[in-house]
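Notes follow once the structure below has been shown.
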Amino acid sequence: MAVANLTEQLAVLLGHPADELGALGDELDDVLMQAWEEGRRLLRDRQDGEVELLLRQAEALAVAGKRSDAARSLRILLGKLEASRNDYEGALAWYGAVLALPVEADTADGQDERLYAFARIADIRQDLDESGDRALTALSDLLQAAAESDRAEYAFPAAANLARAYLGMGQFDACVYFIEQAESWWRYEEQSGTPGAADQFATLVAEVARVLFYEGKDYQRALHWAQRALEIAPGTANALRIRGLARSELKDYRGAADAFRAWIEAEPANAAARNNLAGTLDSLGDSDAAVEAMAEAVRLEPDNLAFRHNLITLLRDLGRIDETITELDALIGIGRERERAEPWTSGRRYRSIAHYHQTAPAADWVDLALVARTEINMQRDRPELLARDIEELLARPDPLANAVGYQYRGRICERENDLPGALAAYGDALATGRPSPNAGELRSGGGVQGPLSACRGFVLVIGDDGGQCG
């Protein structure tokens, strides 16, 4: 039937008194069905100009004739029409009108249409970036209606979106509650038929694991949710990372090594994964394998000063001094190039190696490397190289590095039985270094003490932003 003929027929029927419409029976139902089918076709073909009058007449006729089920279907089409025009307030009004209609019979079609309306209201509220009560209320209404109807395909995304919303608001307890709800609906009916659903849900679950690890320090629960994310989508990188880190914190180094290997398998070019594997292997006593993994991390990110520092630590502990010196020279060279873009500023609070991040100033890494190289040359009794290293420490902008340089000068004087010279050098060290509770420990015959003695720590990549932390 042509649209014009159909709209004309609808207009004629709308002219009947309401009590007569109820007596039309199948004739009225047939016309409303034809209007719905034609309206759906016109919407699909994007013929907005013709469809609006048709749908509005049909909806008014269905209401007048007390055909609630037909009115519900027509209001959904009108909501879609407004949404296609980006009139979201209009769409919300029509979808809300769907829910306002009485349910004539508890049929599957009626449930579907009501749940569809709930879902579209929730989607629009979220698309409008409404982070307040209305978006949360819409999602809660959808979850409740879906749960009452036992419909996992609606309940799961509602619970997952509520978890995501509360996570964004910093309300972690509510987030965990709804992630557990989402998980139960996922287990109830896997959403594998929805493209990308597994990856998206696994990413959200991994984010819960991340928050438990970093903010909650609850490593056992972090491990649980990381493993759950990997059950949903085995290649979820964040879950692979948290699983390894949680096992490391729980002292399960063998399990951590396996987890980091899985992370490497999923992301072969990820240097942080190899760095963490190296640290774990070192904890297991497999130092050669640790060096191999760390060298690969440095190859992947040659300008990463923290990774190169880790390789230096491993090589030095193995007594591979020539290789250690080579890497120290490389770190100092790279760091000095970077210093040109990162002018040193005074007044920075001292941070031990355990709190360094990848964004730490290059100057700090250069200072640490210079101290390590100076100590090695001191132990090897290489006076010409030692003199060079001390002069470089004394020329550094950080007074603490200068103090360590004076300390080494004092040790050389002691070695040469020049006690007045040693006392003068140690006095310069104490006078030059910034006030520190460790200032009295700067002098020691057994090696560098005080803050910079931390330079031999191994740095694991556990920071949220890719930073390092020991």
Side-chain angles (χ1 to χ4, degrees), residues 210 214 237-238 240-242 244-245 248 256-257 259-283 287-318 320 322-345 348 351-373 376 396 398 401 452 454-470:
R210 185 196 67 80
Y214 290 108
N238 204 25
L240 289 166
R241 178 172 67 97
I242 297 299
L245 294 172
S248 292
F260 289 137
R261 288 190 184 98
W263 186 13
I264 291 169
E265 186 176 349
E267 296 185 332
N270 191 310
R274 296 178 187 276
N275 173 82
N276 286 9
L277 174 61
T280 305
L281 291 171
D282 187 49
S283 297
S287 300
D288 290 331
V291 168
E292 183 179 349
M294 199 64 249
E296 183 62 17
V298 170
R299 186 191 68 78
L300 290 168
E301 290 189 22
D303 292 338
N304 189 311
L305 301 182
F307 290 171
R308 198 172 290 272
H309 163 88
N310 285 347
L311 179 58
I312 289 165
T313 300
L314 294 171
L315 290 169
R316 186 174 178 182
D317 288 345
L318 285 173
R320 293 162 63 170
D322 289 341
E323 294 170 86
T324 302
I325 291 291
T326 297
E327 294 300 332
L328 282 168
D329 290 342
L331 190 156
I332 292 167
I334 295 168
R336 281 180 169 155
E337 284 294 319
R338 192 175 299 169
E339 279 184 289
R340 296 177 183 177
E342 299 176 8
W344 187 86
T345 57
R348 292 178 297 117
R351 293 168 297 173
S352 72
I353 193 67
H355 300 126
Y356 269 30
H357 296 287
Q358 193 167 14
T359 54
D364 290 2
W365 293 110
V366 173
D367 288 345
L368 293 172
L370 282 171
V371 172
R373 192 173 70 179
I376 290 173
R396 297 297 295 164
D398 191 334
L452 286 182
C455 67
R456 299 189 65 226
F458 193 93
V459 179
L460 279 181
V461 177
I462 66 174
D464 269 341
D465 55 359
Q468 281 83 25
C469 184

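The number of heavy atoms from other shown groups lying within 6.0 Å of CD (Glu292) does not exceed 12.
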Would Leu314 and Asn310 count as a side-chain contact (heavy atoms from CB on, under 4.5 Å) if you check the C-alpha gap in whole Å, the side-chain angles of each, and the deciding distance to 0.1 Å?
CA-CA 6 Å; Leu314 294 171; Asn310 285 347; 5.5 Å; no

Between Ile376 and Leu328, does a side-chain contact (heavy atoms from CB on, under 4.5 Å) hold up when you go through it step by step?
CA-CA 11 Å; Ile376 290 173; Leu328 282 168; 3.9 Å; yes

Please walk me through it: do Ser287 and Asp282 pass side-chain contact (heavy atoms from CB on, under 4.5 Å)?
CA-CA 5 Å; Ser287 300; Asp282 187 49; 3.8 Å; yes

Let's go through Leu281 and Phe260 carefully: what are the C-alpha distance in whole Å and the side-chain angles of both, what is the deciding distance for side-chain contact (heavy atoms from CB on, under 4.5 Å) to 0.1 Å, and is it a yes or a no?
CA-CA 10 Å; Leu281 291 171; Phe260 289 137; over 6 Å; no

Under the criterion salt bridge (charged side-chain N to carboxylate O under 4.0 Å, His left out), I'd like the reasoning laid out for Glu339 against Arg396: C-alpha separation, chi angles, the key distance, then a yes or no.
CA-CA 11 Å; Glu339 279 184 289; Arg396 297 297 295 164; 2.7 Å; yes

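Here the CG-CG distance, from Asn275 to Leu300, works out to 11.0 Å after rounding to the nearest 0.5 Å. Rounding to the nearest 0.5 Å gives a distance of 12.5 Å between CE of Met294 and CZ of Arg299. Atom-to-atom distance recorded for Leu311:CG and Asn304:CG is 11.5 Å, nearest 0.5 angstrom. The distance from the CZ atom of Arg274 to the CD1 atom of Ile264 is 5.0 Å, given to the nearest 0.5 Å. For the atom pair Trp365 CH2 and Ile332 CD1, the distance stands at 13.5 Å (nearest 0.5 Å).
For the residue pair Ala297 and Phe307, the shortest heavy atom distance occurs at O-CD1, 4.2 Å. Residue Ala362 comes nearest to Gly335 through the heavy atom pair CB-O, 3.6 Å, listed as atom of the first residue, atom of the second, then distance. The heavy-atom pair separating Ala278 from Ala293 by the smallest distance is CB-CB, 4.0 Å.
Looking only at side-chain heavy atoms (C-beta outward), Val366 and Ile334 stay at 4.5 Å or farther from each other. Side-chain atoms of Leu331 and Ile312, non-hydrogen and from C-beta on, do get closer than 4.5 Å to each other. In this structure, Ile242 and Asn238 have side chains that are in contact, with non-hydrogen atoms separated by less than 4.5 Å. Residues Trp263 and Leu277 form no side-chain contact, since every pair of their non-hydrogen atoms from C-beta on lies 4.5 Å or further apart.
Residues satisfying the side-chain hydrogen bond (donor to acceptor under 3.5 Å, both in side chains) test with Arg373, not counting sequence neighbours, are Asp329, Asp389, Glu392. When the side-chain hydrogen bond (donor to acceptor under 3.5 Å, both in side chains) test is applied to Arg261, the partners found at least two apart in sequence or on another chain are Asp258.
Formation of a donor-acceptor pair under 3.5 Å by the Arg338 side chain with backbone atoms of Leu305 is not found in this model. Thr324 contributes a side-chain N or O that, together with a main-chain N or O of Arg316, makes up a donor-acceptor pair within less than 3.5 Å. Arg308 places a side-chain N or O within donor-acceptor distance of the main-chain N or O of Pro302, the cut-off being under 3.5 Å.
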